[in-house]
J.: 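I'd like to ask you about the structure that follows.
Chain naming here is simple, since letters A, B, ... match the order of the sequence lines and numbering starts at 1 in each.
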Protein chains: 2
Amino acid sequence: MESIFQKVDCVNCKLSGVCLPYGLKRDDIPKLETIVKRKRPIKADEYLYRQEDQCTSLFVVKSGSFRSFIWNVNGGEQTIGFYLPGEIMGLDALRQQSKYHCTTIALETASVCEFPMARLNELCGKIPKLQMQLMCVIGSHIVSEQNNIVLLGNRSATEKVVTFLLMISSRYNALGYSSTEFNLTMPRHDIANFLGLTIETVSRQLGCLTKSGAITIKHRGVQINDMDKLKNIVEPCLTKRFTS
Amino acid sequence: MESIFQKVDCVNCKLSGVCLPYGLKRDDIPKLETIVKRKRPIKADEYLYRQEDQCTSLFVVKSGSFRSFIWNVNGGEQTIGFYLPGEIMGLDALRQQSKYHCTTIALETASVCEFPMARLNELCGKIPKLQMQLMCVIGSHIVSEQNNIVLLGNRSATEKVVTFLLMISSRYNALGYSSTEFNLTMPRHDIANFLGLTIETVSRQLGCLTKSGAITIKHRGVQINDMDKLKNIVEPCLTKRFTS
DNA sequence: CGGACCTTTGACCGCGGTCAACCTATGTGG
DNA sequence: CCACATAGGTTGACCGCGGTCAAAGGTCCG
């Protein structure tokens with residue numbers, strides 16, 4: 001039986017600019033590669049980890065996309081985030097010896113790189129640059145969670161949906177993909193749940209945006225026709241205060 | 001002129017059980033103490049740091065309480081969290097060389113311990129236990145931010161207000177204070193803004209809870225008379241699933 | 001081609017926002 | 001000590017956004 005782990009090659013990975021090896025010296029990268037596990041592909045709706053699992057590893061999306069959510073006490077779920085290539089998952093695992101605080105599943109066929117926390121911590125002690133990059137990645141994650149809180153705060157349904165589209169757009173853009181034409185890999189249900197809205201409201205908002213000509217929607221496919229119009233919806237009076 | 005920094009004594013600090021020195025060997029603690037700055041008290045409404053400031057330090061609340069918020073583009077603010085003694089602030093600073101992503105102000109006269117990131121990172125390389133504890137503290141912070149997202153998701157005004165009271169209650173309890181009688185250090189405006197509600201709605205919800213006998217409110221003072229009633233509001237059908 | 005699932009669209013209504021008035025606590029100056 | 005001002009908090013009346021319920025259209029499976 002073949003190993004489920006594939007050969008790891010961080011140097012030639014397209015995501016090396018945003019992942020943990022970033023900034024490392026050339027001869028430090030092999031040290032990191034030895035602790036990375038690259039699992040076999042994960043199919044749509046398969047669990048990456050569950051809320052009750054002992055948490056031991058961080059994960060970085062290599063391809064595909066994921067969704068994580070928390071079971072609330074009534075059995076319902078609250079989606080807390082979506083993850084695209086290069087993004088880190090399982091940061092609750094920083095508290096070693098504890099359990100994951102959320103469940104993460106694949107939205108489509110996907111693959112990840114797995115970093116066991118114990119060995120990563122150890123390596124951070126030896127490679128200061130790795131420590132710095134880990135902190136940087138964690139900091140970015142915290143900032144993006146703060147942005148989610150702002151998104152869910154005092155915002156109308158229109159603002160939420162538009163902000164969501166713009167967030168996805170800029171994340172694809174950062175990966176080198178088109179910022180104006182992309183596919184939503186998650187069903188409406190997940191978007192609605194994430195935004196604190198209902199499926200119907202999301203659908204209606206997308207309908208309105210389509211009628212206004214700002215976007216074109218075909219099922220999961222999104223095309224942004226008027227980026228400025230979208231930005232003006234979430235930032236009605238763009239002052240000079242933040243033009244830096 | 002006297003130094004603005006007071007003598008640091010982590011060993012005798014009441015918060016040592018939740019702060020960064022936790023788990024360290026006795027002779028490692030002085031090393032940490034040398035990098036901590038303890039600033040003069042901060043008065044109500046004074047800034048601890050601002051959104052545009054270069055970020056260089058983490059802070060732990062020593063006494064008093066804080067609120068942090070993000071300016072949105074329209075000039076309004078979105079409160080993203082409240083901080084009680086022992087809680088960590090300024091984690092956006094993990095991305096060194098960047099700027100704080102939110103602004104933090106004191107809700108009342110307060111004091112903090114300041115940990116410069118550069119020196120803390122350095123020390124983490126030398127003291128593995130410190131690295132572990134830092135990761136643990138960061139992990140807890142991330143988990144609590146995830147909980148905030150769940151709080152703001154698909155919840156009614158009643159659920160939000162009750163959850164807020166229970167969160168504050170359990171945090172005071174963890175500090176060794178009463179979980180049933182405490183003062184809210186923030187005005188209604190901040191609570192409402194944090195929960196994505198209006199002042200009037202928060203006030204009405206507190207009014208209803210008072211009428212039902214579950215709580216007694218006197219201005220900022222809260223007394224919880226029926227903890228179970230509150231818990232049942234946010235967890236209507238408490239199944240055996242999570243009784244662990 | 002049938003069936004399951006996802007998505008859209010419409011009609012209705014209730015929760016929570018908005019506006020306004022009033023109440024309460026605290027502080028200041030005469 | 002009271003008169004007054006100010007900020008924070010409460011309460012009521014009204015109404016619109018978005019949730020709920022229902023039904024119909026689309027898409028992707030086998």
Side-chain angles (χ1 to χ4, degrees), chain A residues 43-45 67 74 76-79 105 107-109 151-165 183-212 215-223 233-234 236, chain B residues 43-45 67 74 76-79 105 107-109 151-165 183-212 215-223 233-234 236:
Chain A
K43 297 212 181 89
D45 293 329
R67 171 177 79 99
N74 308 327
E77 46 183 67
Q78 172 65 51
T79 297
I105 68 169
L107 287 164
E108 57 190 320
T109 303
L151 168 59
L152 294 172
N154 277 303
R155 331 237 90 209
S156 68
T158 309
E159 287 174 316
K160 284 182 180 180
V161 170
V162 170
T163 307
F164 177 77
L165 289 176
N183 280 307
L184 298 171
T185 58
M186 69 294 289
R188 299 284 189 272
H189 172 270
D190 292 343
I191 299 175
N193 186 262
F194 176 63
L195 295 176
L197 299 171
T198 58
I199 306 181
E200 295 93 327
T201 301
V202 171
S203 185
R204 262 185 274 267
Q205 295 302 328
L206 291 175
C208 287
L209 291 169
T210 300
K211 264 178 207 153
S212 81
I215 62 173
T216 308
I217 294 270
K218 268 196 193 137
H219 323 296
R220 301 280 178 95
V222 177
Q223 187 183 322
I233 289 173
V234 294
Chain B
K43 298 212 179 90
D45 292 329
R67 171 176 80 98
N74 308 327
E77 46 183 67
Q78 172 66 51
T79 297
I105 68 169
L107 287 164
E108 58 191 319
T109 302
L151 169 59
L152 295 172
N154 277 304
R155 332 236 88 212
S156 69
T158 309
E159 287 174 315
K160 284 182 180 179
V161 170
V162 170
T163 306
F164 177 75
L165 289 176
N183 281 306
L184 297 172
T185 58
M186 69 294 288
R188 299 284 189 274
H189 171 270
D190 292 343
I191 299 175
N193 185 261
F194 177 62
L195 295 176
L197 299 171
T198 58
I199 306 180
E200 296 93 325
T201 301
V202 170
S203 186
R204 261 186 274 269
Q205 295 302 329
L206 291 174
C208 287
L209 291 169
T210 300
K211 265 180 205 150
S212 81
I215 63 173
T216 309
I217 294 268
K218 268 191 192 141
H219 321 296
R220 301 280 179 94
V222 177
Q223 188 183 321
I233 290 172
V234 292

J.: Would you tell me if any nitrogen or oxygen in the side chain of B:Thr201 comes within less than 4.0 Å of OP1 or OP2 on C:dG17?
T.: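 B:Thr201 to C:dG17 OP1/OP2: side-chain N or O found under 4.0 Å.
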J.: Picking from D:dG8, D:dG18, C:dT24, which would you name as closest to the side chain of A:Gln205?
T.: D:dG18
J.: Describe, as an angle rounded to 10 degrees, how the axis at the first end of the helix from C:dC1-D:dG30 to C:dG30-D:dC1 is tilted relative to the axis at the last end, five pairs per end.
T.: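 The two end axes of the helix from C:dC1-D:dG30 to C:dG30-D:dC1 meet at 40°.
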J.: Could you work out which one of D:dT10, D:dG12, D:dT27 sits closest to the side chain of A:His219?
T.: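 Minimum distance to the A:His219 side chain belongs to D:dT27.
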J.: Are any of B:Thr198's side-chain N or O atoms less than 4.0 Å away from OP1 or OP2 of C:dG16?
T.: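 No, no such contact exists.
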J.: Considering only D:dG8, C:dT7, C:dA20, which nucleotide approaches the side chain of B:Glu200 most closely?
T.: C:dA20
J.: What's the closest nucleotide to the B:Arg204 side chain, out of D:dA13, D:dG9, D:dC21?
T.: D:dA13
J.: Does the side chain of B:Asn193 come under 3.5 Å of the side chain of B:Thr79 through a donor N or O and an acceptor N or O?
T.: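 Yes, a side-chain donor-acceptor pair sits under 3.5 Å.
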J.: Which of these nucleotides, D:dT20, C:dT8, D:dT10, is closest to any side-chain atom of A:Ile217?
T.: C:dT8
J.: To the nearest angstrom, how far is B:Lys160 atom NZ from C:dC15 atom P?
T.: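 So the two atoms are 15 Å apart, to the nearest Å.
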J.: If you only use heavy atoms from C-beta on, which nucleotide in D:dG9, D:dT10, C:dT7 is closest to the side chain of A:Arg220?
T.: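 It is C:dT7.
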J.: By nearest nucleotide on DNA chain C, pick out whichever of A:Asn154 and A:Pro187 is the more 5' one.
T.: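 Here A:Pro187 is the residue nearer the 5' end.
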J.: Considering only D:dG8, C:dG16, D:dT10, which nucleotide approaches the side chain of B:Ser156 most closely?
T.: C:dG16
J.: Any base atoms under 4.0 Å from B:Leu197, or only sugar-phosphate, or nothing? Heavy atoms, all strands.
T.: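 Counting heavy atoms under 4.0 Å across all strands, the contact made by B:Leu197 is with sugar-phosphate only.
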